[in-house]
Amino acid sequence: MQETLHFSSSSSFSLPKSSISPPKSFKSSTISYPQHPKPPTLISTTPPTPTPQNFHLQEKLLFLDSLGVDSLHCLSSQPLIVSSSLSDLKSVIDFLYSVNLTILDVRRVLHMCPEILTAGISTTLRPAVTFLLREALVTGEKLPGVLRRRPRLLTKCVEKNLRPTLYFLQSTIGIEDVSKCATLLSCSVETKFIPRLDYLQRIGFSRRDAKVMFRRFPSLFCYSIEENLEPKFDYFVVEMGRELKELIVFPQYFSFSLENRIKPRHKMCVEKGVCLSLPVMLKSHESRFRDRLEVCCSSSMPVVECKVQSANHYTVESSLLTM
């Protein structure tokens, strides 16, 4: 049996007032609900549209790569490639072929001197080649070899660099045939030649003798003073106890390794009690050098200290050393 509860409309259900009154210290506050996080921004995976500049740069790099040239090396060494046109690069390559450089030569010279790629043909490259052929008298047959060894020659200004260097070597040093040392033409007279000429005079050579040394061995201009000339000269004077005139006759002494050739052979000569001329001591192959020492030691003839007989050759007081 269901029971129905009826509430009278006149009746009210209420709580005591004290139970609903807020305390005096209570302050109304606004309740903030956390905002819904924004949906993540979608990143487009579509590759960017290549700009014309990037497209042309890629063309140039691909062209160099097709030749076997290290394009990234060239670009990092010579950023001006970015502003060069593909047709300009192709013209430079064609010019290098026209002076009888092979593809292997082209790879070598561009790796050594990437500046060639951005040099003007009519303003720089062709005048440099014309200078080497007509003024330095480098033959067409030897020109590729000169450029392989010193490709920077192609980037030098004839009026400011090449011609002044040629005149210095001819008139100041007295080198008649500069074509034999044409690679030196890319060097600076002020920063390369004069400091080495002055150094030889500081250590005791007269200016005339210093010039003689450079005429006999022009590559002497290329050696570092601190890393080559100084340590080898100190050893020559202090440890070997030899005279300066020997270096005037044989300046090629500075081209040999101090640790691997000069010191070991000098010590062997000292141990055997033999004094050989610089050319005999240094130029011979190892087996021939040892054979000469054995001949000197087994001979009953006395081997005395070597002397410079003239400005052109040495002599050792034993005829056996000339065998």
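Remember, predicted model here, so these are calculated numbers, not experimental data. Values reported hereafter were calculated over all heavy atoms of this structure, with side chains retained and with hydrogens, waters and symmetry mates removed.
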Review point. Should T139 and S179 be marked as a side-chain contact (heavy atoms from CB on, under 4.5 Å) after you check the CA-CA gap, both sets of side-chain angles, and the distance that decides it?
Key: CA-CA 8 Å; T139 64; S179 66; over 6 Å; no
Point to revise | Flag side-chain contact, heavy atom, 4.5 Å: L278 against L247 | key: yes
Exercise for review: Taking R108 for its side chain and R148 for its backbone only, find out whether a donor-acceptor pair lies under 3.5 Å.
Suggested key: yes
Review point. Hey, is CD on E141 packed in by over 12 heavy atoms from elsewhere, all under 6.0 Å?
Key: no
Review point. Within a radius of less than 6.0 Å around NE2 of H111, do more than 12 heavy atoms belonging to other residues, nucleotides or ligands occur?
Key: no
Exercise for review: Find out whether N161 and S186 are in side-chain contact, i.e. whether some heavy atom of one side chain is under 4.5 Å from a heavy atom of the other.
Suggested key: no
Revision key, fill the gap. Here the pair of heavy atoms bringing I248 nearest to M213 is CA-CG, 3.8 Å
**Study point:** Lys/Arg cation over aromatic F95: R126, 6.0 Å, 45° cone
**Key:** no
**Study point:** Nearest-0.5 Å distance that lies between atom CD in Q170 and atom CD1 in I173
**Key:** 12.0 Å
Check your understanding: For K263, does the NZ atom sit with more than 12 other heavy atoms under 6.0 Å from it, leaving out its own atoms?
Key -> yes
**Study point:** Check: C74 main-chain N/O paired with S77 side-chain donor or acceptor under 3.5 Å
**Key:** no
**Study point:** Non-hydrogen side-chain atoms of L184 and T165 separated by less than 4.5 Å
**Key:** no
Review point. Linking I/L/V/M/F/W/Y whenever any side-chain heavy atoms sit under 4.5 Å apart, do L137 and L132 land together?
Key: no
Point to revise | Rounded distance (nearest 0.5 Å) linking atom CG of D234 with atom CG of L258 | key: 9.5 Å
**Study point:** Co-membership, hydrophobic cluster, residues L80 and V69, 4.5 Å side-chain
**Key:** no
Check your understanding: If every non-hydrogen atom of A119 is compared with every non-hydrogen atom of V92, which pair is closest and at what distance?
Key -> O-CG2, 4.1 Å
**Study point:** side-chain contact (heavy atoms from CB on, under 4.5 Å) partner of H266, the single match among M240, R261, E271
**Key:** M240
Study note, to complete from the structure: With sequence neighbours left out, the residues meeting side chain to side chain contact (heavy atoms under 4.5 Å, CB included) with T155 are C113, E115, I116, R152
Point to revise | Exercise: identify the closest heavy-atom pair between R242 and L276 | key: NH2-O, 2.6 Å
Practice item. Check the angle between the aromatic planes of F221 and F193 and answer parallel, tilted or perpendicular using the 30° and 60° thresholds. Key: tilted
Exercise for review: To the nearest 0.5 angstrom, please state how far the CG atom of L89 sits from the CG atom of L110.
Suggested key: 9.5 Å
Check your understanding: Do M112 and L67 share a hydrophobic cluster, counting only Ile, Leu, Val, Met, Phe, Trp and Tyr and linking them when any side-chain heavy atoms are less than 4.5 Å apart?
Key -> no
Practice item. Please report the C-alpha distance between L72 and D65 in whole Å, then the side-chain angles of each, then the deciding distance to 0.1 Å, and finally whether the side-chain contact (heavy atoms from CB on, under 4.5 Å) criterion is met. Key: CA-CA 9 Å; L72 295 181; D65 288 337; over 6 Å; no
Point to revise | Between CG on residue L117 and CG on residue L75, distance to nearest 0.5 Å | key: 10.5 Å
Practice item. Check whether more than 12 heavy atoms from other residues, nucleotides or ligands sit under 6.0 Å from atom NZ of K211, and answer yes or no. Key: yes
**Study point:** Where Y253 and F236 come nearest, the two heavy atoms and their spacing
**Key:** OH-CB, 3.5 Å
**Study point:** Test item: L229 and S224 side chains (from C-beta on) under 4.5 Å apart, heavy atoms
**Key:** no
Check your understanding: So, is the end of the K90 side chain (NZ or CZ) under 6.0 Å from the ring centre of F63 and within 45° of the ring's axis?
Key -> yes
Practice item. Identify the two heavy atoms, one from L244 and one from I203, that lie closest to each other, and give their separation to 0.1 Å. Key: CD1-O, 4.1 Å
Check your understanding: If you measure from the Lys or Arg side-chain nitrogens to the Asp or Glu carboxylate oxygens, is any gap between E286 and R265 under 4.0 Å?
Key -> yes
Exercise for review: State, with a plain yes or no, whether a side-chain heavy atom of D105 is found less than 4.5 Å away from one of L147.
Suggested key: no
Practice item. Would you mind reporting whether M268 and L293 have side-chain heavy atoms less than 4.5 Å apart? Key: yes
Check your understanding: Atom SG in C269, atom CZ in F289: separation rounded to 0.5 Å?
Key -> 4.0 Å
**Study point:** D94 side chain to S91 side chain, donor-acceptor N/O pair below 3.5 angstrom
**Key:** no
Review point. Would F131 and L166 satisfy side-chain contact (heavy atoms from CB on, under 4.5 Å), going step by step from the backbone distance to the final call?
Key: CA-CA 10 Å; F131 169 85; L166 175 66; 3.8 Å; yes
**Study point:** Smallest separation among heavy atoms of K60 and V82, with atom names
**Key:** NZ-O, 2.8 Å
Review point. Can Y199 be reached from V237 by stepping across I, L, V, M, F, W or Y side chains whose heavy atoms are under 4.5 Å apart?
Key: yes
Exercise for review: Examine V280 and V270 and state if one hydrophobic cluster contains both, with Ile, Leu, Val, Met, Phe, Trp and Tyr joined whenever side-chain heavy atoms are less than 4.5 Å apart.
Suggested key: no
Review point. Hey, are the side chains of K283 and F256 touching, using non-hydrogen atoms and a 4.5 Å cut-off?
Key: yes
Review point. Hey, what do you get for CZ (F217) to CZ (F250), rounding to the nearest 0.5 Å?
Key: 8.5 Å
Check your understanding: For R292 and M281, what are the C-alpha separation, side-chain angles and deciding distance, and is it a side-chain contact (heavy atoms from CB on, under 4.5 Å)?
Key -> CA-CA 9 Å; R292 291 193 178 214; M281 183 178 75; over 6 Å; no
Point to revise | Side chain to side chain, S257 and I262, heavy atoms closer than 4.5 Å | key: no
